[in-house]
Amino acid sequence: MAMDKTFDAKDAEPRLYAKWEEAGAFRAGANARPGAETFSIMIPPPNVTGSLHMGHAFNNTLQDILVRWHRMRGHDTLWQPGQDHAGIATQMVVERELAKEGNVTRREMGREAFLEKVWEWKSQSGGTIMSQLRRLGASLDWSRNAFTMSGAPGAPAGEEGNFHDAVIKVFVDMYEKGLIYRGKRLVNWDPHFETAISDLEVENVETPGHMWHFKYPLAGGATYTYVEKDEEGNVLFEEERDYISIATTRPETMLGDGAVAVHPSDERYAPIVGQLCEIPVGPKEHRRLIPIITDEYPDPSFGSGAVKITGAHDFNDYQVARRGGIPMYRLMDTTGTMRSDGKPYAEAAETALEVARGERSLSVDEADAINLVPDDLRGLDRFEARERVVEQITAEGLAVMTQESDPRLGKAARTPLAPEEGGEDRVEEESLVPLVEAKPIMQPFGDRSKVVIEPMLTDQWFVDTDKIVGPALDAVRNGDTRILPERDAKVYFHWLENIEPWCISRQLWWGHQIPVWYGLDLSAPDFRDQEGDGALDAVELGELLIKDHMVHAGEVHHCAADFEGVVDAFRLELADTPTPIDHARVIEVEDKAAAIHALAESLAQYNVTQDPTQLVYPVWRDPDVLDTWFSSGLWPIGTLGWPEQTPELQKYFPTSVLITGFDIIFFWVARMMMMQYAVVGEKPFDTVYVHALVRDEKGKKMSKSLGNVLDPLELIDEYGADAVRFTLTAMAAMGRDLKLSTQRIAGYRNFGTKLWNAARFAEMNEAAGSDGTVPQPTETVNRWIVGETAKVREEVDAALDAFRFDDAANALYRFVWGKVCDWYVEFSKPLLSGTDASAQAETRATMAWVIDQCLLMLHPIMPFITEELWEGLGTRDKMLIHSDWPSYGAELVDPAADAEMNWVIQLIEEIRSVRAQMHVPAGLHVNLVVTDWTKDQKAAFARNEALIKRLARVEALEEARAMPKGSATIAVGGASFGLPLEGIIDVAEEKARLEKSLDKLAKDMRGLEGRLNNPKFVESAPDDVVEETRELLTAKQEEAAALQAAHARLSELG
RNA sequence: GGGUGAUUAGCUCAGUGGUAGAGCGCUUCGUUCACAUCGAAGAUGUCAGAAGUUCGAAUCUUCUAUCACCCA
């Protein structure tokens, strides 16, 4: 067979992948030895809308390495594939598609039809990432591909899995255990998609913004002495004030302020704490008053030190408001528009005022019902409202003023002012302008919608994480689950120790609809059926509804896996209504409005017909769906068929390793830990390997807007999957970001070519395709390379065991290129082409074995080229992917052979170096003279003469008493060699070379002697270190002596 | 503001107490029968700075500077 000069990745990769897949090579348990230990990895599910990016390539390369490595070791291995349904992203993609096609909106279509579209889209485009992972060579068991929405109502054929059942079951179970509740809390609200979103879907971006400074006048014209002091207590500034100064980046939220807070230690405001101040916006006649309170949150050194508290629109304020019992007034609707519902402003403000005065209090829901947006601002966009608020305050003269030249205004400053009191300026001049600082602010944007996220107080479902966080923390603390690198365990602890309730509802359609049904709250315990006839006439019905208030304002709700499951619970709700209403048929309707309508209609009809069988009690299902992360949180068990006790679940759970990015430690890893413990009471994985980010070569995060994105598929096209994989692996130092450059990838592509050509050489010399038997050669060269192979096997296993992927890759790189190609292949040439038949045979066998070992050990990192060579080099029982990973070790190392070959290598390198520096023509063979060597060295030379001569271009060896004149001298391991170069040598140049070497030796020796002359070193350092140092010094001294002599000879010469 | 980490050759990075390393790039040489996607040789470092612990520090401690990321 004549091999090509290079590996054709484009041709081979798809062919080999198909071959593996057809052979079922990736199947769970493939190549497992009987009774083998199991090894399982769950893929972090990519979005079903997603396509492969560099992070995926990195993440999946590492997983594939582990999986292939374990599979080759005969372990019962599962790499579980799958995708998550990515609620918001997928819904957005499909809506966009709809818009392109025919301008039908989701709402126009209706929920059912829309979901049908989503499934349709999924069946067409959902497989993209799967085929891309195949390009990378990922050996996932595709027959088990999972999807977080499989088995959901409306799922088409081919999506019959039971993930949906698992998700719903977990929700119901957790609800029943009291771990899930409905409540009003502040969440990240996306005004574009009109849904709550997770922190992960929020991008905080530094944006040019403004900080406005306003005066909140004290109620009733009260005044106080405002005093500012320096650190020593000297008064810097003092004045009478009738206001407190507030800075804000979001003036429109002032409308919802519930208080002004200052730090308890802030003496400047101590005189006015407890007083009321006025929000300087809104109609003059209904100005709202709010209390000045103390809280730890305000930073006295920032701004004026006083903070306005808008509990319903800011996360920090929310905490302060909760601590201080401050009402939270919501100002916007779901689209981020200023509210226009509820009572007129005058009435709302009056209520708020009563609350501020302590005359009444509001429940959270009552506060939420109050609309404190002034009538003229109702219905405005939030940013427009901001402008109007600023205008109104400024017009009223309640903006803090400053000189036009104030640098904080962001304009060119003429005379910079010393900042005092957070920068307020009191110089009275005619050119005063409102103090509006131009400053960058961190602003939250929806990562999909790109609109500004609004913290909003809304009704949502929450997991009471406090109740389930314990086992997740303990597991990592006591080592049941290990997080690598260790630093990331700290991140994990930090987050879980400060965990907040987890908002799991989303106002979307694509997802697992929450299995909760609501009904109108009906009861009339005091009603007496005076006729006692078990029927209700018109009069009685009227009394029921009006006098006994049968229909209450609130709602009741019940949770079960399906509608049938809640019917009984709702019947019980009717128990305290009169017959026959208490026997009404429970039916499901669309929503609350439909329920009211259906109930009214039913009662009306009953009134006419007196037919109790027509009475219905309508209930409606919660329209919201669950956060995608809620379903992803069940990934380890859900993919294995839970709640059914499948054999796979028994075998592969808990899983062995999770490999994932640091950015989702909180969102996914921590939640899987909590969920698995909460649901099945077990850890989801033994080890979590957290990897860093792939960046561009300048260290910038790859992003579409920067245009520095490297597409892994393009890279695979250009360099081959193996090169991309090897690069990522070699750069995978634990916990460090990768700065990826194409140059580096090209370098590792070259490495593949190098391996290819070494194999090609072996094949040409009939030294390929071993049967796997470890050779037991007699030739030193062969004994040496067998030992080197054994050493690297141990190194690679140790590295992979410790998740040191880079160490494994680099060890193999050094071995294959630096040992096998640079030396062993060269050393083998005289033996392979020589006349000694037994040496030739043994070398062929050894080389065949060594090359095969390279293929075996490189396979997990470079699966394609190694499989191709494996097939090409010999007749094999199994494909490489299922071949046996080696297990030999140090017992194959022959120390004598090791020492001898190292000496030979050093000699060759020295000769080459001298030749190059003395400008000996590259092709010229020269003689070598030896004046001094040991018996062993002589024997070693004799054994390796052929290859030394060949590699160093030596014509012949002469033994001599003294070095001939004009020789260049070489000292190797105590032996003195020389190249007689009279006529060729440049004496001055050779002297310079020797001097340089001697200088370095002298420096080294000084250091070594310094240490050895220090009695404390000899006393306290370990014996082997002292011994090593002594030996090193002796060697240096010998070498120096030889070079010294050579230098002397040259000096005599002239 | 809080936390985590980084700072080592021109570049990208290994190196967790025992004389500073790799890859890439650079310079010179090379059409040697595996490979020019190659080979040979070479140059390049106050290991960010300061102080400490130690017989010995790139490595441990403290401080400083700069940068990055995460959380507020």
Side-chain angles (χ1 to χ4, degrees), chain A residues 3-7 199 204 297 299 301-302 315-316 319 442 485 487-488 490-491 494-495 498 662-663 665-666 692-693 695 697-701 719-720 723 727 730-731 733-765 767 804 806-807 809-810 813-814 817-818 821-822 825-826 828-829 833 851 908-909 911-923 925 950-953 1000 1003-1008 1010-1022 1024-1026 1028-1029 1032-1033 1036:
Chain A
M3 285 171 65
D4 289 336
K5 280 195 175 183
T6 54
F7 170 62
D199 291 353
N204 287 299
Y297 164 62
D299 175 1
S301 65
F302 185 79
F315 284 98
N316 289 314
Q319 298 299 340
M442 287 304 276
R487 143 164 57 97
D488 286 290
K490 287 188 200 167
V491 177
H494 184 258
W495 194 71
N498 300 289
F662 73 99
D663 49 340
I665 296 176
F666 317 140
L693 208 64
R695 298 168 174 278
E697 56 191 315
K698 294 185 196 90
K700 286 242 162 53
K701 224 173 181 170
Y719 301 100
T727 308
M731 295 178 83
M734 215 186 276
R736 291 259 314 220
D737 287 348
L738 283 70
K739 289 182 196 162
L740 194 62
S741 78
T742 52
Q743 236 178 9
R744 191 91 190 247
I745 304 172
Y748 289 118
R749 188 243 352 241
N750 297 353
F751 172 63
T753 307
K754 190 75 185 172
L755 172 71
W756 180 268
N757 281 291
R760 183 164 173 260
F761 171 82
E763 202 262 354
M764 287 165 67
N765 285 279
R804 306 293 302 245
D806 55 334
D807 285 352
N810 291 323
Y813 187 97
R814 278 197 301 275
W817 200 316
C821 293
D822 285 351
V825 167
E826 296 304 328
S828 75
K829 284 175 181 174
S833 61
I851 298 285
I908 293 168
E909 284 183 331
I911 297 172
R912 282 172 169 176
S913 177
V914 169
R915 289 177 59 114
Q917 288 180 68
M918 292 300 110
H919 312 298
V920 177
H925 283 62
R950 181 187 181 109
L951 296 181
R953 303 281 167 88
K1000 189 169 186 309
K1003 193 184 154 213
D1004 288 351
M1005 288 189 294
R1006 268 200 304 280
L1008 293 167
R1011 286 207 278 161
L1012 287 165
N1013 290 340
N1014 181 343
K1016 281 188 176 168
F1017 171 70
V1018 182
E1019 204 177 294
S1020 23
D1024 55 333
V1025 172
V1026 177
E1028 219 172 273
T1029 311
L1032 199 55
L1033 180 60
K1036 299 265 181 200

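Phosphate proximity of rA34(B) to K829(A): present, with a side-chain N or O under 4.0 Å from OP1 or OP2. Between K754(A) and rG39(B) there is a side-chain N or O to OP1 or OP2 distance below 4.0 Å. For the OP1/OP2 pair of rG39(B) and a distance below 4.0 Å, the side-chain nitrogens and oxygens of W817(A) include at least one atom meeting the criterion. For the OP1/OP2 pair of rC33(B) and a distance below 4.0 Å, the side-chain nitrogens and oxygens of R760(A) include no atom meeting the criterion. In this model, the phosphate group of rG56(B) is not approached by any side-chain N or O of N1014(A) to a distance below 4.0 Å at OP1 or OP2. Using a 4.0 Å cut-off, no side-chain N or O of T1029(A) falls inside it from OP1 or OP2 of rU19(B).
Among the atoms of the strands shown, only primed sugar atoms or phosphate atoms (P, OP1, OP2) are found under 4.0 Å from some heavy atom of S913(A). Among the atoms of the strands shown, only primed sugar atoms or phosphate atoms (P, OP1, OP2) are found under 4.0 Å from some heavy atom of Y813(A). Base contact: K1036(A) has a heavy atom under 4.0 Å from a base atom. When heavy atoms are screened at a 4.0 angstrom cut-off, R912(A) is found touching the sugar-phosphate backbone but no base atom. Nucleic acid contact for P921(A): none, since no nucleic acid atom lies under 4.0 Å from a heavy atom of the residue.
At a cut-off of 3.5 angstrom, the base of rA34(B) holds at least one donor-acceptor pair with the side chain of E826(A). No hydrogens or angles were tested; on distance alone, nothing pairs the side chain of K5(A) with the base of rC35(B) as donor and acceptor under 3.5 Å.
The residue among A733(A) and V1025(A) whose nearest nucleotide of RNA chain B is located toward the 5' end is A733(A). Place N810(A) and D1004(A) on RNA chain B by their nearest nucleotides, and N810(A) ends up nearer the 5' end.
rA14(B) sits 16 Å from rG23(B) when the P atoms are compared, rounded to a whole Å. Here, rG45(B) and rC29(B) have their P atoms 24 Å apart, quoted to the whole Å. Going from the C1' atom of rC13(B) to that of rA68(B) covers 16 Å, rounded to whole Å.
Residues Y748(A) and Y719(A) keep their aromatic ring centres 6.0 Å or farther apart.
With R915(A) contributing its side chain and A952(A) its backbone, the two residues share a donor-acceptor pair below 3.5 Å.
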